[in-house]
Asks: 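Before anything else, here's the structure in question.
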Protein chains: 2
Amino acid sequence: MSLTSDMDASIDDQAARAAWLYYVGGLTQDQIASEMGLSRQRAQRLVSRAVAAGLIHVRLNHHLARCVELEAALRARFGLVRCRVMPGLGPSRDPVRSIAPAAAEEMERVLAENGSRVIALGTGRALRGMVDALSPVEAPQHRLVSLLGNIALDGSASYFEVIMRLAEKVRAPHYPMPVPVLVDSVEENRTLQSLGAVRKVRGLAQAADVTFVGVGQMSEDAPLMTDGFLTADELHEIQRVGAAGEVAGWIYDRQGRYLDLALNARLTGVRVEIATPERPVIGIAAGEAKIVALRAALTSGIINGLVTDEPTAAGILAG
Amino acid sequence: MSLTSDMDASIDDQAARAAWLYYVGGLTQDQIASEMGLSRQRAQRLVSRAVAAGLIHVRLNHHLARCVELEAALRARFGLVRCRVMPGLGPSRDPVRSIAPAAAEEMERVLAENGSRVIALGTGRALRGMVDALSPVEAPQHRLVSLLGNIALDGSASYFEVIMRLAEKVRAPHYPMPVPVLVDSVEENRTLQSLGAVRKVRGLAQAADVTFVGVGQMSEDAPLMTDGFLTADELHEIQRVGAAGEVAGWIYDRQGRYLDLALNARLTGVRVEIATPERPVIGIAAGEAKIVALRAALTSGIINGLVTDEPTAAGILAG
DNA sequence: TCGCCGTATGGGCAAATACTCACGCGCACC
DNA sequence: GGTGCGCGTGAGTATTTGCCCATACGGCGA
């Protein structure tokens with residue numbers, strides 16, 4: 001009513017303002033409607049739009065005893081440098097929802113550092129959730145680098161894009177891996193790897209100060225297969241030789257030792273094997289299906305940091 | 001005591017879990033109830049308890065265009081190093097509610113730095129709100145120091161305690177100013193100031209890397225008066241000589257120049273005059289009544305950082 | 001042991017919120 | 001200029017939530 005400037009405000013501005021009044025101000029949608037001169041319906045739509053667009057972030061400020069216990073147990077058993085366990089949301093819900101805010105906090109922790117860091121990133125739904133949950137912060141002092149491309153065999157960019165989104169939020173220089181994840185032949189791979197641009201990105205990724213990766217399972221619902229990088233037959237063959245999980249496309253066994261597969265020669269991405277306390281590799285993953293893959297990666301130290309949820313943490317420790 | 005605190009802890013745990021499922025998981029209270037094996041009513045109570053206890057933090061990740069404009073204008077006009085303008089909540093709501101989360105973010109920004117910093121703090125409702133809105137972070141590398149005491153003339157500790165609360169949340173060493181805000185005579189003040197403990201805290205405060213202060217108005221509702229540090233007569237006399245506002249008890253005129261008052265000799269706290277880009281002084285304040293005081297403090301650079309709300313920002317710029 | 005009092009609990013109900021649907025407007029394509 | 005499509009809107013409705021109240025439980029003093 002008195003706020004005439006609302007008239008020309010963009011829809012997102014209005015949504016943000018409505019959500020602000022609703023969540024922070026504690027007004028009802030009726031009050032928001034009269035405050036902003038809208039119908040109650042519209043106020044409701046704005047609020048729900050703001051939530052859907054991720055304008056509103058909710059975080060829990062309380063360390064649940066059970067989660068803290070699991071964190072401590074994981075830290076002790078696998079010598080982790082970072083570990084967060086978030087409450088589960090029940091079996092039918094996407095666990096990414098639960099771990100994304102915590103993963104975002106870990107990322108913010110890195111971004112808040114003053115010195116210039118090289119941050120390497122994998123791909124996947126969990127990392128994408130992390131980036132979506134991240135608060136925009138100006139952190140141009142850091143460099144972001146991809147461990148692998150985001151182009152599938154057929155040329156589509158269906159794989160979850162992480163690095164560009166993140167770079168947009170933090171305004172940092174970024175170095176995507178400018179190649180497909182997987183190529184058709186060893187020769188093609190050799191050609192690509194010899195390119196200066198590729199060599200530069202690889203070099204940067206290998207020198208990363210901190211690395212964030214998803215962890216893929218090698219069961220029937222393996223991301224490598226659902227994303228079209230492996231056929232069902234290939235998957236079964238790889239399962240047969242002991243595949244337990246995969247980080248950035250590189251497949252390892254139940255002890256977390258990378259397998260020597262024909263596939264490897266066609267993978268273009270950087271293999272993660274640098275996890276040390278000074279250069280941590282943080283795994284972001286949760287879900288029943290990923291327990292085996294996570295336990296293996298933790299056992300050999302492919303990852304030495306973990307953000308997961310309660311049932312997954314319990315599952316890892318149960319083995 | 002341990003038994004009751006265990007009870008409280010487990011109740012808080014339950015509350016946190018319920019709120020997590022509600023806000024992050026998006027379950028209804030019915031679903032939470034069956035998930036956790038409770039009645040719906042209990043689930044509802046847990047969620048509302050979690051919100052009331054501040055276990056849940058909601059933040060808006062969208063810089064409203066109007067607020068961004070105001071921020072830019074304030075930055076440009078007063079050469080601010082930090083500036084946040086949050087949307088207003090309407091005239092009848094407490095503006096502290098609006099600015100507290102943003103102020104908390106500024107504080108978190110400082111706390112997230114790796115190096116050891118000295119953080120000086122004033123008192124007041126706004127700072128208290130900031131601390132309440134702060135996420136607990138372990139930041140033991142920093143030192144927290146008070147600019148002034150929190151004891152009134154009559155010995156009561158009615159002034160809003162900030163430093164202890166903050167120290168509790170971040171587990172940092174803290175140095176409260178161990179004296180009343182105001183003493184009866186110049187001699188008493190001299191005696192107090194000569195104490196080793198006081199000198200040490202003053203020295204630390206003067207060397208602060210960053211300072212957070214509230215800003216008090218000198219109108220009829222001046223905090224200095226309502227908190228019992230000034231009588232109405234004293235206030236009127238000080239108004240007559242041009243008082244515009246006050247930071248940590250030290251009164252300045254409309255140009256932001258500290259006034260030479262008899263009162264000064266009885267003030268025990270540290271006068272803030274160190275604002276530089278390297279050692280910023282951030283003012284946390286909002287409200288119609290504080291516009292004049294804020295404009296003055298910004299003009300002379302007593303503060304070079306600001307967290308306020310939209311109407312206040314507009315009011316400052318209008319003058 | 002009894003009765004009182006404070007506190008926690010679940011049922012019921014009114015308010016608030018989310019969802020669905022039909023309509024209307026503008027726009028583009030025919 | 002007509003027509004169909006898509007988007008946004010408001011009305012109506014189902015669901016969810018917040019609040020009040022009667023009641024049960026447990027501690028405590030008489």
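Chain identifiers are assigned alphabetically (A, B, ...) following the order of the sequence lines, protein sequences preceding nucleic acid strands; residue numbering begins at 1 within each chain.
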Asks: Look at the side chain of B:R45 against the base of C:dG10 and say whether a donor-acceptor pair falls under 3.5 Å; ignore hydrogens and angles.
Replies: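 Flag set: donor-acceptor pair detected.
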Asks: Grab the CD-C1' distance between A:Q44 and D:dG8 for me, whole Å please.
Replies: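 The distance from CD of A:Q44 to C1' of D:dG8 comes to 14 Å, rounded to the nearest Å.
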Asks: Please report the distance, rounded to the nearest Å, between CG in A:L46 and C1' in C:dC19.
Replies: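 Value for this atom pair: 16 Å.
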Asks: How do B:T28 and A:R49 order along DNA chain D: which one's closest nucleotide is nearer the 5' end?
Replies: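 Checking each residue's closest nucleotide, the 5'-ward one belongs to A:R49.
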Asks: In whole angstroms, how far is the P atom of C:dT17 from the CG atom of A:D30?
Replies: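 In whole Å, C:dT17 P lies 7 Å from A:D30 CG.
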Asks: Given C:dA18, is OP1 or OP2 found less than 4.0 Å from the side-chain N or O atoms of A:Q29?
Replies: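 Yes, because at least one side-chain N or O of A:Q29 sits under 4.0 Å from OP1 or OP2 of C:dA18.
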Asks: Would you say D:dT9 has OP1 or OP2 under 4.0 Å from some side-chain N or O of A:R42?
Replies: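 Result: yes.
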Asks: A:L38 CG to D:dA11 C1': how many Å, rounded?
Replies: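 For the pair A:L38 CG and D:dA11 C1', the rounded distance is 17 Å.
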Asks: Return no unless some side-chain N or O of B:Y22 is found under 4.0 Å from OP1 or OP2 of D:dT17.
Replies: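 For D:dT17, OP1 or OP2 has a side-chain N or O of B:Y22 closer than 4.0 Å.
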Asks: Looking at B:R128 and B:E161, is any side-chain nitrogen of the basic one under 4.0 Å from a carboxylate oxygen of the acidic one?
Replies: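 Salt bridge absent between B:E161 and B:R128.
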Asks: With a 4.0 Å limit, can you tell me whether A:S39 has a side-chain N or O closer than that to the phosphate oxygens OP1/OP2 of D:dG10?
Replies: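 Yes, such a contact exists.
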Asks: Start with the C-alpha gap between B:Y23 and B:V51, add the side-chain angles, then the distance that decides, and say whether side-chain contact (heavy atoms from CB on, under 4.5 Å) holds.
Replies: CA-CA 10 Å; B:Y23 286 105; B:V51 174; 3.5 Å; yes
Asks: Indicate yes or no: does B:E108 engage A:R59 in a salt bridge with an N to O separation below 4.0 Å.
Replies: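 So B:E108 does not pair with A:R59 through a salt bridge.
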Asks: As an exercise, state the distance from CD of B:E69 to CG of B:L64, rounded to the nearest 0.5 Å.
Replies: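 The CG atom of B:L64 is 10.5 Å from CD of B:E69, to the nearest 0.5 Å.
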Asks: Please give, in whole Å, the distance from C:dA15 C1' to A:I32 CD1?
Replies: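 Rounding to the nearest Å, CD1 of A:I32 and C1' of C:dA15 are 15 Å apart.
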Asks: Give one of base, sugar-phosphate or nothing for A:R40, where a contact means two heavy atoms less than 4.0 Å apart.
Replies: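 Base contact.
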Asks: Describe the nucleic acid contact of A:Q41 in one word from base, sugar-phosphate, nothing, applying a heavy-atom distance below 4.0 Å.
Replies: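 Base contact.
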